[in-house]
Trainee: 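The structure is given below, and queries will be raised subsequently.
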Amino acid sequence: MTEVIYQNINTSEYLNINSKPVHIKEQLEIKIVDNSFLPGAKDDDWFAHSALPALKLIEKERPGEIKSFLSIGSGPGLDVLASAEVFGSKKLALTDLQENVVKSGVQNIKSNLLEPEKVEVNGYSGDLFEPLRSKANSNENQRFDIIYENLPNVPLPDNKDINKSRSSTAFLEKRNEKIPREVKDALLDLHYLAIQQVHEFLNKNGALISLISGVIPIDTIKSIEKYIDGVKIDILYYNWNIQTSFYSVINTYAKQEEQGYGPFIFYRENDLKKAFEGVSDNESGKKALDIEKSLADKRLTATEALKLLNQGENVGYTITILKTTINN
């Protein structure tokens, strides 16, 4: 039996705005099918907590210029709706692995726009950018001003099926593509592939926005740049979060450490609060390396973080928002 969940979301609260929304409804009704990503409460929703402030920085820098937006692995389409409000884009799209997730996401977007007849909304099912690729001519690929991705980086356990339940929202299958060892050891496979391929799907002056959990050191994340010709990777936004509900994720990272992957970095909640105190959204990306350096002696491995979590202590991690652009 198919499980369907409906979430009602107050737009102003979710977007952290004081005015009424102008492109999407004040109250969003989001239908979530059983193998779709399930958005969390606002502080536990990675998009609202970290990606959304980063997108607002882009709109502040380039007001009114973002005419098209794509989310890779969107799930129910909430990230696309939020971006529609931030940018006012008239071309919106999403992808996901499962066709039923895509159909539901497209319907969520159309039913929650104030003027859906004025907005082009498309959905594509398939792996990464493949469903957007023109079979005849790469110049005919779908292209966008901003592409967003928050792709999973935790390997799929042997006893799980990627198509069952919500496995595809948290786990990635083994890949056959050639990926640098440094990148692979950090479990950055899908982020690497997205950055490698994105030049075929961006408009001129477009950008890929990647949300990457900061359990991975910044230098390791930035190392992707040296393996891919023609791209420039900047840290757009840097933040932190605590999610005690993510016990299973920390446990998985601990198991990966035992197998030689990593390092994966966590911190005590109070250490993160002190390190980020007084840092504004605008300056967070520029100060990311300094913040990470200030936390160097406070690092916890995933195994150590798991132990503290079991003892009832709050642990968290940093979140890095990358902005990848194409060198002209």
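Throughout, residue positions are numbered sequentially from 1 according to the sequence presented. Since we're looking at a predicted model, the values are computed, not measured. Values below: all heavy atoms of this structure, side chains included; hydrogens, waters and symmetry mates excluded.
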Trainee: How long is the span from the CG atom in Leu81 to the CG atom in Asn112, to the nearest 0.5 Å?
Mentor: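 Spacing of CG (Leu81) from CG (Asn112) equals 5.5 Å.
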
Trainee: Let me confirm one number: the CD-OG distance from Gln98 to Ser104, rounded to the nearest 0.5 Å.
Mentor: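 If I round to the nearest 0.5 Å, the distance is 12.0 Å.
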
Trainee: Could you tell me whether the side chain of Glu225 and the main chain of Ile233 form a donor-acceptor pair under 3.5 Å?
Mentor: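 Yes; at least one donor-acceptor contact below 3.5 Å.
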
Trainee: So do Phe47 and Leu211 actually touch side chain to side chain, heavy atoms under 4.5 Å?
Mentor: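 The answer is no, as the side chains (C-beta and beyond) never meet within the 4.5 Å cut-off.
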
Trainee: Just jot down the side chain to side chain contact (heavy atoms under 4.5 Å, CB included) partners of Lys184, sequence neighbours excluded, or say none.
Mentor: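 Listed in chain order: Ile179, Arg181, Asp189.
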
Trainee: The criterion is ring pair (Phe, Tyr, Trp, His ring centres under 6.0 Å); which residues satisfy it with Phe264, sequence neighbours excluded?
Mentor: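 Ring pair (Phe, Tyr, Trp, His ring centres under 6.0 Å) list for Phe264, sorted by chain: Tyr253.
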
Trainee: Enter the distance from Leu55:CG to Leu15:CG here, rounded to the nearest 0.5 Å.
Mentor: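 One finds 10.5 Å between CG of Leu55 and CG of Leu15.
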
Trainee: Determine, step by step, whether Leu57 and Asn282 satisfy the side chain to side chain contact (heavy atoms under 4.5 Å, CB included) criterion, reporting the C-alpha distance in whole Å, the side-chain angles of both residues, the deciding distance to 0.1 Å, and the verdict.
Mentor: CA-CA 7 Å; Leu57 291 177; Asn282 285 334; 2.8 Å; yes

Trainee: Kindly indicate whether the side chain of Ile326, heavy atoms from C-beta on, has any atom under 4.5 Å from the side chain of Val198.
Mentor: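 Yes; the side chains approach each other to less than 4.5 Å.
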
Trainee: How far apart are the closest heavy atoms of Lys67 and Ser89, and which atoms are they?
Mentor: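 Taking Lys67 first and Ser89 second, the nearest heavy atoms are O-CB, 3.5 Å.
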
Trainee: Report the distance from atom CD1 of Ile147 to atom CG of Leu132, rounding to the nearest 0.5 Å.
Mentor: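 Nearest 0.5 Å value for the CD1-CG distance: 7.5 Å.
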
Trainee: Could you tell me which non-hydrogen atom of Ser134 sits nearest to which non-hydrogen atom of Asn141, and how far apart they are?
Mentor: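 Looking at all heavy atoms of both residues, the shortest contact is N-OD1, 2.6 Å.
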
Trainee: Exactly one of Asp145, Ile209, Val86 should register a side chain to side chain contact (heavy atoms under 4.5 Å, CB included) with Ile58. Which one does?
Mentor: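 With Ile58 as partner, Asp145, Ile209, Val86 yield a single side chain to side chain contact (heavy atoms under 4.5 Å, CB included), made by Ile209.
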
Trainee: Does Ile235 form a side chain to side chain contact (heavy atoms under 4.5 Å, CB included) with Ile321? I'd like the steps, not just the answer.
Mentor: CA-CA 6 Å; Ile235 300 174; Ile321 307 292; over 6 Å; no

Trainee: For atom CD of Glu277, decide whether the heavy atoms of other residues, nucleotides or ligands shown that lie under 6.0 angstrom number more than 12.
Mentor: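 Atom CD in Glu277 is not crowded, with 12 or fewer foreign heavy atoms closer than 6.0 Å.
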
Trainee: Between Thr220 and Leu188, which heavy-atom pair has the shortest distance, and what is it?
Mentor: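 Looking at all heavy atoms of both residues, the shortest contact is O-CD1, 4.2 Å.
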
Trainee: Going by the salt bridge (charged side-chain N to carboxylate O under 4.0 Å, His left out) test, which pairs reach into residues 249-263, not counting sequence neighbours?
Mentor: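 Those involving residues 249-263 do not exist here.
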
Trainee: Is there a path from Leu289 to Ile224 through hydrophobic residues (I, L, V, M, F, W, Y) whose side chains come within less than 4.5 Å of each other?
Mentor: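 Yes, one cluster joins them.
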
Trainee: Output every pair passing salt bridge (charged side-chain N to carboxylate O under 4.0 Å, His left out) with a member in residues 314-328, not counting sequence neighbours, ordered by first then second residue.
Mentor: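 Those involving residues 314-328 are Glu61-Lys323.
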
Trainee: Out of Lys91, Arg133, Glu200, which residue meets the side chain to side chain donor-acceptor pair (under 3.5 Å) rule with Gln142?
Mentor: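 Result: among Lys91, Arg133, Glu200, Lys91 is the only option passing the side chain to side chain donor-acceptor pair (under 3.5 Å) with Gln142.
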
Trainee: Can you give me the closest heavy-atom contact between Asp127 and Leu97, atom names plus distance?
Mentor: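 Heavy-atom minimum between the residues: CA-CD2, 4.0 Å.
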
Trainee: The criterion is side chain to side chain donor-acceptor pair (under 3.5 Å); which residues satisfy it with Lys56, sequence neighbours excluded?
Mentor: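 Lys56 satisfies side chain to side chain donor-acceptor pair (under 3.5 Å) with no residue once adjacent residues are dropped.
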
Trainee: Any side-chain heavy-atom pair from Ile30 and Tyr6 closer than 4.5 angstrom?
Mentor: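 Answer no - side chains too far apart.
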
Trainee: Begin from the C-alpha positions of Ile250 and Val315 and carry the test side chain to side chain contact (heavy atoms under 4.5 Å, CB included) through to its verdict.
Mentor: CA-CA 10 Å; Ile250 296 179; Val315 296; 4.0 Å; yes

Trainee: Testing the basics here: between Phe69 and Asp79, what is the closest heavy-atom pair and its distance to 0.1 Å?
Mentor: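 Shortest heavy-atom contact: CE2-O, 4.2 Å.
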
Trainee: Is there a side-chain contact between His199 and Val231 (heavy atoms, below 4.5 Å)?
Mentor: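 Heavy-atom side-chain distance check fails, nothing below 4.5 Å.
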
Trainee: For residues 17-27, which side-chain donor-acceptor pairs fall under 3.5 Å, sequence neighbours excluded?
Mentor:
| from | atom 1 | to | atom 2 | distance (Å) |
| --- | --- | --- | --- | --- |
| Lys25 | NZ | Ser111 | O | 2.7 |

Trainee: What residues, two or more places apart in sequence or in another chain, satisfy salt bridge (charged side-chain N to carboxylate O under 4.0 Å, His left out) together with Glu304?
Mentor: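 If we apply the salt bridge (charged side-chain N to carboxylate O under 4.0 Å, His left out) test to Glu304, skipping adjacent residues, there are no hits.
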
Trainee: Please check if the side chain of Gln259 supplies one atom and the backbone of Tyr261 the other of a donor-acceptor pair under 3.5 Å.
Mentor: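 Side chain of Gln259 to backbone of Tyr261: no pair is present.
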
Trainee: Are any of the side-chain heavy atoms of Lys226 and Glu182 separated by less than 4.5 Å?
Mentor: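 A side-chain contact exists here, since the closest heavy-atom pair is under 4.5 Å.
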
Trainee: Looking at Asn327, I want to see if its CG is surrounded by more than 12 non-hydrogen atoms of other residues, nucleotides or ligands under 6.0 Å.
Mentor: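 Yes.
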
Trainee: Which residues pass the side chain to side chain donor-acceptor pair (under 3.5 Å) test with Glu65, not counting sequence neighbours?
Mentor: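 Here the qualifying residues are Arg62.
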
Trainee: Please set out all donor-acceptor pairs under 3.5 angstrom arising from side-chain atoms of residues 118-125, sequence neighbours excluded.
Mentor:
| from | atom 1 | to | atom 2 | distance (Å) |
| --- | --- | --- | --- | --- |
| Lys118 | NZ | Glu115 | OE2 | 3.2 |
| Glu120 | OE2 | Asn122 | ND2 | 2.8 |

Trainee: Do Asp281 and Asn239 have side-chain heavy atoms sitting under 4.5 Å apart?
Mentor: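 No; the side chains remain at least 4.5 Å from each other.
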
Trainee: When you compare the side chain of Thr318 with that of Phe276, does any pair of heavy atoms fall below 4.5 Å?
Mentor: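 Side-chain contact under 4.5 Å: yes.
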
Trainee: First locate atom OH of Tyr237, then atom NZ of Lys286, and finally report the distance between them rounded to the nearest 0.5 Å.
Mentor: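 The distance works out to 13.5 Å.
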
Trainee: Tell me, please, which residues at least two apart from Lys273 pass salt bridge (charged side-chain N to carboxylate O under 4.0 Å, His left out).
Mentor: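 Listed in chain order: Glu269.
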
Trainee: Any idea how Tyr317 and Phe266 line up, ring-wise: parallel (<30°), tilted (30 to 60°), or perpendicular (>60°)?
Mentor: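 Rings of Tyr317 and Phe266: perpendicular, over 60°.
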
Trainee: First locate atom CD1 of Ile146, then atom OG of Ser71, and finally report the distance between them rounded to the nearest 0.5 Å.
Mentor: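 Going from the CD1 atom of Ile146 to the OG atom of Ser71 covers 12.5 Å.
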
Trainee: Would a hydrophobic clustering, with Ile, Leu, Val, Met, Phe, Trp and Tyr connected at side-chain separations under 4.5 Å, put Tyr227 with Ile195?
Mentor: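 In one cluster: yes.
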
Trainee: Could you tell me which non-hydrogen atom of Leu306 sits nearest to which non-hydrogen atom of Ala254, and how far apart they are?
Mentor: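 Shortest heavy-atom contact: CD2-CB, 4.3 Å.
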
Trainee: Under 4.5 Å between any side-chain heavy atoms of Tyr238 and Glu292, yes or no?
Mentor: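 A side-chain contact under 4.5 Å exists here.
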
Trainee: Run the salt bridge (charged side-chain N to carboxylate O under 4.0 Å, His left out) test against Lys110 and tell me which residues pass, sequence neighbours left out.
Mentor: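 Partners of Lys110 by the salt bridge (charged side-chain N to carboxylate O under 4.0 Å, His left out) criterion come out as none, since no residue qualifies.
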
Trainee: Return the set of residues passing salt bridge (charged side-chain N to carboxylate O under 4.0 Å, His left out) with Lys232 (not counting sequence neighbours), or none when no residue passes.
Mentor: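 Salt bridge (charged side-chain N to carboxylate O under 4.0 Å, His left out) check on Lys232 returns Asp234.
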
Trainee: Kindly determine whether Leu70 and Thr95 satisfy side chain to side chain contact (heavy atoms under 4.5 Å, CB included), including the steps that lead there.
Mentor: CA-CA 8 Å; Leu70 164 70; Thr95 76; 4.0 Å; yes

